Amino acid sequence: MSETKRVRTRFAPSPTGYMHIGNLRTALYTYLIARKNGGDFILRIEDTDQERYVEGAVDVIYNTLKMTGLNWDEGPDIGGPVGPYVQSERMGMFKEYALKLVESGHAYYCFCDKERLDSLKKNEDGTTAIAMYDRHCRNLSKEEVQAKLDAGVPYVIRQKMPLEGTTTFHDEVYGDITVENAELDDQILIKTDGMPTYNFANVVDDHTMGITHVVRGNEYLSSAPKYNLLYQAFGWEVPTYIHCSPVMKDQTSKLSKRNGDASFEDLLAKGYLTEAVVNYIALLGWAPKGEQEIFTLEELAQEFDISGISKSPAIFDPVKLKAINAAYIRKMTPEEFKEYIVPHIQKYVKRQDIDYTVLASVLQPRTELFTDIEELIDYIDELPEYDNALYCHKKMKTNEETSLEALKAVLPVLEGIENWNAETIHEALFGLIAELGVKNGWLLWPVRTAVSGKPVTAGGGVELCAIIGKEESLARIRKGIEKLS
RNA sequence: GCUCCUAUAGUCAAGCGGUUAAGACAUCGCCCUUUCACGGCGGUAACACGGGUUCGACUCCCGUUGGGAGUACCA
């Protein structure tokens, strides 16, 4: 292992139409490892499966990575020294590499047809047999091979696995893993159509692109020994492997498209901030050294360490995501939050002549997701129907009588305010409180109730009045007085 | 079936043979307070089980059980 070799990582998604959270996490870790080490982050599109190709899927990949800030240094759109970066454009080279392996005795031609292969997978009694190729063509003589080739018999090229001994590979998160070579299937490298299988293309691509750290899901853990053998057969340096455990929906099932919460897009649609999502998934399967949990992407690039990646599957917890989202919202400046929330307020509130600044300020500490705000602002357009019982509050020492008294005292004071805003209202009402020598709640609770008609609101009486304006506030207080009389 | 991986509170997780077994989210209580939040303080809650190894195991080994993955001319 050369210490000075520049770190190069790659994210190699298949364009399947949406960005799975587990995939995005892999992309994030891949990116972070490159950045942490001052290396290159490469994007390679693995589109060799024409059947699964989805229109526009590549854009989803681009857009997601851009939005989350996972900027790539080389990729299909920006090029780079080891292109092309789209696998389907690299097809020409693989067969040559496979032929080299045939020559060196690490691979061989196989002429078995599908029928014969299928028959191997079933026992005479119909039960499923060991799903391994029986190596029928492994020992054909040069002449036999040539004869079949000349006759134009379709073939594949298979990897020739050692029959005995063991193969050990090293993974940065799982450590050394050893398997019996006898367990390894003589996997297909080149298909009948001359195209490489994923397993083969991946190794060749990673090597020719100079990838030093391979980050991927741990579903590849079992194929890693085969990869290693391939690298060795070519005489190539084996990259550093980092296998990540899956992201789960619950104890037994993976996060899936069906659940509607598996993709990055879905999360955004639910109201989550991209920074919060990135922050959360970083934590899902990785633990920072210290106790800080809220990180910007730049901070993550500093803090990230492979040793913090965990081995067991992690369950995606929307509640924790929500808490992190809330932390991001509280971290915004009041101006940022206002800018962010006003468009959402306008989805639910028709009136335009309200004090958005005060409204935003009372909403900010109470908003975890912007989709939560609807019921916090539903009193603005019109006063909800409410029962006089709402005026009774034990702790505030209020009841219908005291409330009537309070509202009657409040009305003229508010009427007298020229410049209607939160400060002047506060000043006026607290002046009245001092004058009457009553508890804050005794006066303010009825105001809040009369103005909102709700038992729970974002903001107190002063803020509510400021938000809905003088005219509307006075009208609602008069209505309250009327109801209580 | 076979092979590989994995196992600390409800969840994410720290821990690398000797700890009062961190922290965060959730939950509960208190304080603050014009409601609810926010904020502050505190509480409940975990080493899956059984064998070893060791003076000593959450930590190492072996099983069992639970969970995940692989076993394609898909990626």
Side-chain angles (χ1 to χ4, degrees), chain A residues 12-14 16 46-49 51-52 87 110 112 114 117 121 127-132 154-158 171 174 177-180 182-185 187-193 195-199 201-202 217-225 243 245-246 248 250-254 280 283-294 308 310-324 326-327 330 362-368 376 390 393 395-396 398 429-430 433 439-449 452 454-464:
Chain A
S14 300
T16 55
E46 308 220 323
D47 61 345
T48 46
D49 189 359
E51 283 179 22
R52 274 211 264 172
Q87 202 167 54
C110 169
C112 293
K114 191 139 181 40
L117 260 20
K121 291 177 186 169
T127 56
T128 311
I130 315 116
M132 251 202 351
Y155 64 87
V156 299
I157 295 176
R158 286 181 184 273
D171 179 88
Y174 290 95
I177 295 174
T178 301
V179 298
E180 296 288 333
E183 299 287 340
L184 303 176
D185 194 11
Q187 66 174 344
I188 291 170
L189 268 20
I190 298 291
K191 305 186 262 186
T192 312
D193 62 6
M195 296 295 125
T197 55
Y198 167 84
N199 289 320
N202 212 259
N218 75 357
E219 64 267 27
Y220 296 103
L221 219 42
S222 344
S223 12
H243 287 93
S245 60
M248 309 292 287
D250 54 48
Q251 200 62 220
T252 56
S253 51
K254 275 175 114 167
Y280 175 62
L283 261 20
L284 196 59
W286 172 75
K289 291 266 189 287
E291 287 185 357
Q292 183 182 346
E293 280 203 323
I294 303 298
S310 66
K311 295 189 262 219
S312 43
I315 298 173
F316 182 92
D317 182 6
V319 178
K320 175 89 179 189
L321 206 211
K322 202 167 172 176
I324 288 179
R330 274 178 252 120
V362 298
L363 248 23
Q364 187 165 5
R366 280 161 259 248
T367 305
E368 293 193 297
L376 291 177
L390 279 189
H393 191 286
K395 201 175 153 208
M396 298 302 121
T398 63
L429 292 182
F430 276 78
I433 286 167
K439 301 271 282 182
N440 295 347
W442 185 91
L443 191 89
L444 265 4
W445 175 265
V447 172
R448 205 183 59 79
T449 304
S452 69
K454 299 181 68 173
V456 174
T457 58
V462 172
E463 290 81 12
L464 293 176

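Here is the naming used below: chain letters follow the sequence lines, and residue numbers restart at 1 for every chain. On a predicted model such as this, the values are computed, not experimentally measured, just so you know. All values below were derived from every heavy atom in this structure, side-chain atoms included, with hydrogens, water molecules and symmetry-related copies excluded.
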Given B:rA75, B:rU6, B:rU34, the nucleotide with the shortest approach to the side chain of A:E46: B:rA75
Could you work out which one of B:rU35, B:rC36, B:rG70 sits closest to the side chain of A:S222? B:rG70
C1'-based separation of B:rU54 from B:rC62 [nearest Å]: 16 Å
B:rA37 pairs with which nucleotide, Watson-Crick or G-U wobble, both distances below 3.5 Å? none
Take atom P in B:rG63 and the same atom in B:rA46, then report the distance between them in whole Å. 29 Å
Listed nucleotide nearest any side-chain atom of A:A314, set B:rU34, B:rC12, B:rG70: B:rC12
Between B:rU27 and B:rC12, how far apart are the two C1' atoms, rounded to whole Å? 16 Å
Stepwise, does the side-chain contact (heavy atoms from CB on, under 4.5 Å) test hold for A:Q187 with A:T197? CA-CA 9 Å; A:Q187 66 174 344; A:T197 55; 5.6 Å; no
For the pair A:R448 (side chain) and A:P455 (backbone), establish whether a donor and an acceptor sit closer than 3.5 Å, ignoring hydrogens and angles. yes
Across all strands, who's sitting opposite B:rG17 as a Watson-Crick or G-U wobble pair, both distances under 3.5 Å? none
Closest approach to the side chain of A:P365, judged atom by atom: which nucleotide of B:rC73, B:rU35, B:rC38 is it? B:rC38
Distance check, C1' atoms only: B:rG66 and B:rC49, in whole angstrom units. 11 Å
Distance, C1' atom - from B:rC38 to B:rC31, rounded to whole angstrom: 14 Å
When both distances are under 3.5 Å in a Watson-Crick or G-U wobble arrangement, the nucleotide paired with B:rC58 is none
A:W442 and A:I433, any side-chain heavy atoms less than 4.5 Å apart: no
Check the distance between B:rC12's P and A:F316's CZ and give it to me in whole angstrom. 13 Å
Which nucleotide, B:rU11, B:rU35, B:rC73, lies nearest any side-chain atom of A:I188? B:rC73
Please tell me if the side chains of A:L283 and A:I324 come closer than 4.5 Å, counting only heavy atoms from C-beta onward. yes
If you measure from CD1 on A:I190 to SG on A:C110, what distance do you get to the nearest 0.5 Å? 13.5 Å
Distance between P atoms of B:rG52 and B:rC58 (Å, rounded): 15 Å
Please report, rounded to the nearest Å, how far the P atom of B:rU6 is from the CG atom of A:D171. 10 Å
The nucleotide from B:rC2, B:rA75, B:rG68 with an atom nearest the side chain of A:Q87 is B:rA75
Under a 3.5 Å limit for both distances, which nucleotide forms a Watson-Crick or G-U wobble pair with B:rU27, could you say? B:rG43
Give one of base, sugar-phosphate or nothing for A:G441, where a contact means two heavy atoms less than 4.0 Å apart. sugar-phosphate
Of A:E463 and A:P13, whose closest RNA chain B nucleotide lies nearer the 5' terminus? A:E463
Counting just side-chain N and O atoms, does A:R330 come under 4.0 Å of either OP1 or OP2 of B:rG39? yes
A:V156 side chain: which of B:rC73, B:rU35, B:rG67 is closest? B:rC73
Counting the atoms with a prime plus P, OP1 and OP2 as sugar-phosphate, which does A:C112 contact under 4.0 Å by heavy atoms, base, sugar-phosphate, or nothing? base
Go through A:D317 and A:Y280 one step at a time and tell me if the side-chain contact (heavy atoms from CB on, under 4.5 Å) criterion holds. CA-CA 9 Å; A:D317 182 6; A:Y280 175 62; 3.5 Å; yes
NZ (A:K114) with more than 12 external heavy atoms under 6.0 Å: no
In Watson-Crick or G-U wobble terms, with both distances under 3.5 Å, the base opposite B:rA75 is none
Can you check whether A:S310 has a side-chain N or O nearer than 4.0 Å to OP1 or OP2 of B:rA13? yes
Is a side-chain donor-acceptor pair under 3.5 Å present for A:N202 with A:Y220? no
Sugar-phosphate, base or nothing in reach of A:T457, heavy atoms under 4.0 Å: base
Counting only Watson-Crick pairs (N1-N3 plus N6-O4 or O6-N4) and G-U wobbles (N1-O2, O6-N3), all under 3.5 Å, who is the partner of B:rG66? B:rU6
Applying a 4.0 Å non-hydrogen cut-off, can you work out what A:S312 is touching in the nucleic acid: base, sugar-phosphate, or nothing? sugar-phosphate
Picking from B:rU34, B:rC74, B:rG70, the nucleotide nearest the side-chain atoms of A:N440 would be B:rU34
Measure CG/A:L464 against C1'/B:rU35 and give the value in whole Å, please. 9 Å
Atom-pair distance (CH2 on A:W286; C1' on B:rG15), nearest Å: 17 Å
For nucleotides 21-31 of chain B, read 5' to 3', which letter fits each nucleotide if B means a protein heavy atom sits under 4.0 Å from the base, S means only the sugar-phosphate is that close, and - means neither? -SBBSS-----
Rounded distance in Å - NZ (A:K395) to P (B:rU34): 8 Å
List in chain and number order the residues that pass side chain to side chain donor-acceptor pair (under 3.5 Å) with A:K320, two or more places apart in sequence or in another chain; answer none if no residue qualifies. A:E293
Whole-Å distance separating the NE2 atom of A:H243 from the P atom of B:rU6: 13 Å
Suppose we call a contact any N or O donor and acceptor under 3.5 Å apart; does that hold for the side chain of A:T197 and the base of B:rC73? no
Remember a base hit wins even if backbone is also touched, and classify A:M195 as base, sugar-phosphate or nothing at under 4.0 Å, heavy atoms. nothing
With the side chain of A:Y220 defined as its heavy atoms from C-beta on, choose the nearest nucleotide among B:rA75, B:rG67, B:rA7. B:rA75
Quote, to the nearest angstrom, the P distance that separates B:rC5 from B:rA9. 22 Å
Judged by each residue's nearest nucleotide on RNA chain B, which is more toward the 5′ side, A:Y155 or A:R448? A:R448
Do A:V362 and A:L376 touch side chain to side chain, with heavy atoms closer than 4.5 Å? no
Test A:K311 against A:S245 for side-chain contact (heavy atoms from CB on, under 4.5 Å), laying out the working first. CA-CA 6 Å; A:K311 295 189 262 219; A:S245 60; over 6 Å; no
Which part of the nucleic acid, if any, lies within reach of A:I177 when heavy atoms closer than 4.0 Å are counted: base, sugar-phosphate only, or nothing? sugar-phosphate
Taking CG from A:L117 and P from B:rU71, how many angstroms apart are they, rounded to a whole number? 15 Å
Taking any heavy-atom pair under 4.0 Å as a contact, classify A:V447: base, sugar-phosphate, or nothing. nothing
Could you give the distance separating B:rA69 and B:rG29 at their C1' atoms, to the nearest angstrom? 44 Å
Provide, to the nearest angstrom, the distance between the CG atom belonging to A:N199 and the P atom belonging to B:rU71. 8 Å
